[in-house]
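Okay, so here's the structure we're looking at.
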Amino acid sequence: MLRLTRRAFSSTPSPRVAVVGSGPGGFYTAKYLLRDSKNVHVTILDRWPTPFGLVRYGVAPDHPEVKSVQDDFEEVATSERFSYAGHVFVGHPADAPSHTGPVVPLNDLMNLYDAVVVATGCDLARKLDLPGAELEGVVNARAFVGWYNAEPTFSHLQLPDVSDQLRSVIIGHGNVALDCARLLAAPSSHLDATDIHSTAFEALQRLPSKRLIHVVGRRGATQAAFTTKEVRELTELENAALVIDPAELEAGDTEASIEEGKARPLKRKRKFLDQVAASTNTAEREVHLRFLRRPVAFEEGAKGRLGAVVFEKCVLEGDVNAQTAVGTGVLESIECDLAVCAVGYTASPPCPDGRRARPQDGPAGTYAQVGSRVAPKLYCSGWVKRGPTGIVGSNVADARETAAAVLEDLAASGVAGYGEGTSWADWRRIDGVEKANARNGAPRAKFSDVEGMLDAAKSS
Amino acid sequence: MRRTARHLGRAVSLKGRARPPAQIRAASALSAYAHDRRRTATLTVRRRDHSHSHGHVPEGDPDYEVTFRIRKTGETKTVPAYEGDNLLRLAQRHDIPLEGACEGVTACSTCHVVLTDDFFDQLEDDGDHADDREEDMLDQAFGLEPTSRLGCQLRVDARFDGQVVELPEATRNFYVDGHVPQPH
Ligand SMILES: Cc1cc2nc3c(=O)[nH]c(=O)nc-3n(C[C@H](O)[C@H](O)[C@H](O)COP(=O)(O)OP(=O)(O)OC[C@H]3O[C@@H](n4cnc5c(N)ncnc54)[C@H](O)[C@@H]3O)c2cc1C
């Protein structure tokens, strides 16, 4: 029998969905589109020849257990209704000046497919617009992470040339900041058996063994976005110590913070931080977790390179869940050779109107305001839908919702199917049965009821 | 089996120390994953069950019954279970919408379940509490409760017989999204 879709009238008789982006947002959406429909075909497009988005270019090399989701995605890709179009940039050519593969405008994609899901993540780094930000030695976490993960755009980063000690300052208190700190503090043995970019591995190995890393956040421990897991990992490195000043930790304990800290994950995190603060840790490599300091400038040092980051001490003010870091006027410089700005990511998804990509109305420039549906035939999933928060698994619930919205709309529009019709092969079978049923000498005995015809169509 | 940083690290931290001594820390986090006994057991099955390929189904009469309940809708489903069943795989074998995005290596929290107070306490009392890794991932779970656990870390035994395991708020229903169950 023939499944009758609008496309039955064209050459490819199944609804086809394009998913832009092959990270968790894209792959989970593909997974549920394929699982929850019988005939939908899914094509994932990505600007890199290699799939998996931040699982390949974000997740730290010493987190192989996180990368095991790739096995699930590989399984999705075995579906006969799945295809991958790599090295294709979707959007405006001006947004991909160094892209050497095809560039397809989003409008064209929407004309070619029955639905398009944008799952392009949050690709842009938030910048710290401070005096001295252009100094050599100041890098963005986006670039630093890209470098150690061998993302082609950033594979040429240079570490400072230092002889006795590398002093780094990491600005930001998210998990990405702690990833960067861990990679800088880790001994070679920790990274040896990982998929770290070999050039980065060698460069880190060449650094002096002595390293001092300050990870500095504007607010207190309760407001920090990093998770207990990531902090714990900093205590498990050989030859390295995590250092927290108990007084600095407690300085953030306003009444509002105590109220904010009542949730179970925050209680656990605080307990762990208190344990670290209570122990005297020293090692050749030290990571200092610093609180209540707002960056104000990058200071020039020798040879015109970065010499220090200047911070202003802060106090917390404001209501529960809305506390801000207010400067006290007291400045403190932390001398360093390298500063990594890890203050978050924003989205700048391709636009359906043919214009250049730009941030949308949701938080961090995402589509978050609109849910799964962006415009007719256009959907979103993953970080570009929700914002740059959560772990790989957090994209699952989102993706299910997006896939359900796509399938619901396809069904309503008739693209997913009006039901079963008959094909020419079915007619040939009906014809055969009619001929076989013929009286002596007659060419055929015609069916006079549709039910009989359909039964005959099913005969072999 | 080599003792790992994780094993000892936990024992040490229970005594109020922030981090294990250096010789214990020598085992990297990576080798800790590889040598953890429970984890190795999980990893012996390479591919996790998918709702449409049910994987290995134990044979013989089931040992126990476990009930899954979806908090949002109150729907329940009681399924036969075998001694040693991994709770995540048990759920998946019976089309109960529990995800295992990381394939049971405690790198995600998609198999989050909520136990009853009594059952949770019983497991705690027996020393079968969540380890630090599991707790760290639970921190990321939607709708975390005091009695939350990760399904992939629970093995069915006699204590599970007759228990009700809840799927938290984010889980919609027993059917795939878009499929609306017909009223009877
Ligand atoms: C540095 C870092 C470390 C992380 N570490 C962990 C971790 O240890 N554990 C964990 O659970 N989670 C981690 N995460 C979070 C996790 O990576 C995200 O939750 C997840 O990757 C988001 O998925 P996504 O599909 O929305 O975006 P992405 O993974 O970013 O995927 C987007 C994809 O779209 C493609 N793309 C973008 N624009 C275009 C375009 N115009 N045309 C074609 N293709 C395009 C990109 O190439 C990319 O492949 C980390 C995130 C970061 C940034």
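Every side-chain hydrogen bond (donor to acceptor under 3.5 Å, both in side chains) that N175(A) has, sequence neighbours left out, goes to T227(A). A search for side-chain contact (heavy atoms from CB on, under 4.5 Å) contacts involving V287(A) returns A181(A), A185(A), I213(A), V215(A), L234(A), L242(A), not counting sequence neighbours.
When all heavy atoms are compared, the tightest approach of A101(B) to V69(A) is O-CG1, 3.3 Å. The two atoms that bring K229(A) and M137(B) nearest to each other are CD-SD, 3.7 Å, heavy atoms only. Heavy-atom minimum distance, I391(A) versus C108(B): CD1-CA, 3.9 Å.
E230(A) places none of its side-chain heavy atoms less than 4.5 Å from the side chain of D136(B).
Both the backbone and the side chain of S109(B) come within contact range of chain A, each with at least one heavy atom under 4.5 Å from a heavy atom of that chain. Contact annotation for E135(B): both backbone and side-chain heavy atoms come within less than 4.5 Å of a heavy atom of chain A.
Among S68(A), G393(A), P24(A), the residue with the largest count of heavy-atom pairs under 4.5 Å with chain B is S68(A). Residue with the most contacts toward chain B among E408(A), R264(A), K269(A): R264(A) (heavy-atom pairs, distance under 4.5 Å).
Salt bridge annotation for E99(B)-K31(A): present, with a cationic side-chain nitrogen under 4.0 angstrom from a carboxylate oxygen.
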